[in-house]
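The block underneath contains the structure these notes are about, expressed in structure tokens.
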2 protein chains.
Amino acid sequence: MSPDAAQRSVLRAADELFYAHGISGVVMSDIRDASGVSMRRLYGMYPSKSELVAAWLTDRHDTWMAWFAASVERHVSGGADPVLATFDAIAEWVTTPGYRGCAFINSLAETSEIDETHSTIIAAHKRDLVEHLAQLAARDHPNAPSWFPAALAVIIDGVIVQCTIFASTDPLDAARSAVHQLLETTST
Amino acid sequence: MSPDAAQRSVLRAADELFYAHGISGVVMSDIRDASGVSMRRLYGMYPSKSELVAAWLTDRHDTWMAWFAASVERHVSGGADPVLATFDAIAEWVTTPGYRGCAFINSLAETSEIDETHSTIIAAHKRDLVEHLAQLAARDHPNAPSWFPAALAVIIDGVIVQCTIFASTDPLDAARSAVHQLLETTST
DNA sequence: TTGACAAGAGAATGATCGTTCTCATATCCT
DNA sequence: AGGATATGAGAACGATCATTCTCTTGTCAA
């Protein structure tokens, strides 16, 4: 297996396993078994589980943001408002089989597995999301209040969490109504 | 030590340790050391760590809801709107030293430590919170839309999560502005 | 006092885990 | 070809953990 293929295989295995079972629910030999990369090579690539977790979070940030941006654009090009399209994207996600909430929020909750490096990646992910939401809002709602993107980010994280807890999209629908109302009463 | 005192001591230790370090970050002998209750008695009270976790979650639900209701009432009696007072209560909480987000959201993220019994307690906690928010909203905003309490619960959970991630109350302030705006444009 | 049982201290047990090591097998440079 | 190096398979190591067991010390009813 080429170094690149091994790298990819490990990150794919890490994503599937860490997301599904949590960090402390996955042992290094699970990663070996799922990726087909031997212990020796695994530890050659990442000198510790903690560094593998950091690489996973970084990779997941890129992947998730790209998916989210693309999904939103798809709904926008179908005629949706850019802000409300974020709810269409999240709706797709939370109804995906195997959905288990936000990997970053979940990881941060596993205190004993997380160090400052990880928290930094997690905070950067959420900062990038707020940034992206601000750009979406600016497109069609230039007069929205300055607090709007941060509030939208709060609402989206709340939706992600509550759809997990209740195993339902009801929280998403309520949140969408609220944001619809905010848009109607604040912007252009 | 009386049975009652032992019970209380164990639950207090469980709350401090599980909340601060997560479930898998606490070992049974930590509970023994913090509570002063011997292994033997501990396992006499709770036949497994999992059942101790369930007892902790149940106890925390009671404690937290009582604290939240009291804090909201205190702000209401100081003249605040019952709905906006929920943000004052949450603001108190997130600025408490040792704040680490919502114990229920955090626990659910520790997949490998959680079984269906625990998830049921967690979902019931959030359901009770929505219920309580609905009663608060009904008091001063009888004409609020039916989605309002669920949306408020989503926003509050988003605030709880993001204030943890960003170690800041900025998300709370943005969310408060959003809810203020919603109240102004939907109710009486 | 005595005997029966509750409780404490903490060692033992068996499992799991992160990490490293051994030995055998390619692979590559010359 | 031949020797250095990389890699795989998987056992070994040392730590940690949930849970149980032993041995000892109250404690209380008669």
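Order of the sequence lines sets the chain letters (A, B, ...), proteins ahead of strands, with each chain counted from 1.
As a whole-Å value, the separation of Asp30(B) CG from dT19(D) C1' is 15 Å. Taking atom NZ of Lys49(A) as the reference point, atom P of dT16(C) lies 15 Å away to the nearest angstrom. The OH atom of Tyr46(B) sits 14 Å away from the P atom of dT19(D) (whole-angstrom rounding). Atoms CZ (Phe18(A)) and C1' (dG18(C)) sit 12 Å apart, rounded to a whole Å. The CD atom of Glu113(A) sits 14 Å away from the C1' atom of dC17(D) (whole-angstrom rounding). The interatomic distance linking Tyr43(A) (OH) with dA12(D) (P) rounds to 18 Å, in whole Å. Taking atom CD of Gln7(A) as the reference point, atom P of dT7(D) lies 12 Å away to the nearest angstrom. Atom CE in Met45(A) sits about 18 Å away from atom P in dG18(C), given to the nearest Å.
Take the nearest nucleotide of DNA chain D for Arg32(A) and for Pro47(B): the residue whose nucleotide is more 5' is Arg32(A). Heavy-atom distances to DNA chain D give each of Ser38(A) and Met39(B) a nearest nucleotide, and the one nearer the 5′ end belongs to Ser38(A).
Contact between Gln7(A) and Tyr46(A) at its shortest, heavy atoms only, is OE1-OH, 2.7 Å. Across every non-hydrogen atom of Ala85(B) and His75(B), the tightest pair is CB-CB, 3.9 Å.
Across all strands shown, Val26(A) has heavy atoms under 4.0 Å from sugar-phosphate atoms exclusively, and none from any base. At a threshold of 4.0 angstrom between heavy atoms, the contacts of Arg40(B) include nucleobase atoms, whether or not backbone atoms are also involved. Across all strands shown, Ser29(B) has no heavy atoms under 4.0 Å from either base or sugar-phosphate atoms.
The listed nucleotides are dA18(D), dG8(D), dT20(C); the one nearest the side chain of Arg41(A) is dG8(D).
Side chain of Ser35(B) to backbone of Ile31(B): a donor-acceptor contact under 3.5 angstrom is found.
His118(B) and Asp115(B) are linked by a side-chain donor-acceptor pair at a separation below 3.5 angstrom, with hydrogens and angles left out of the test.
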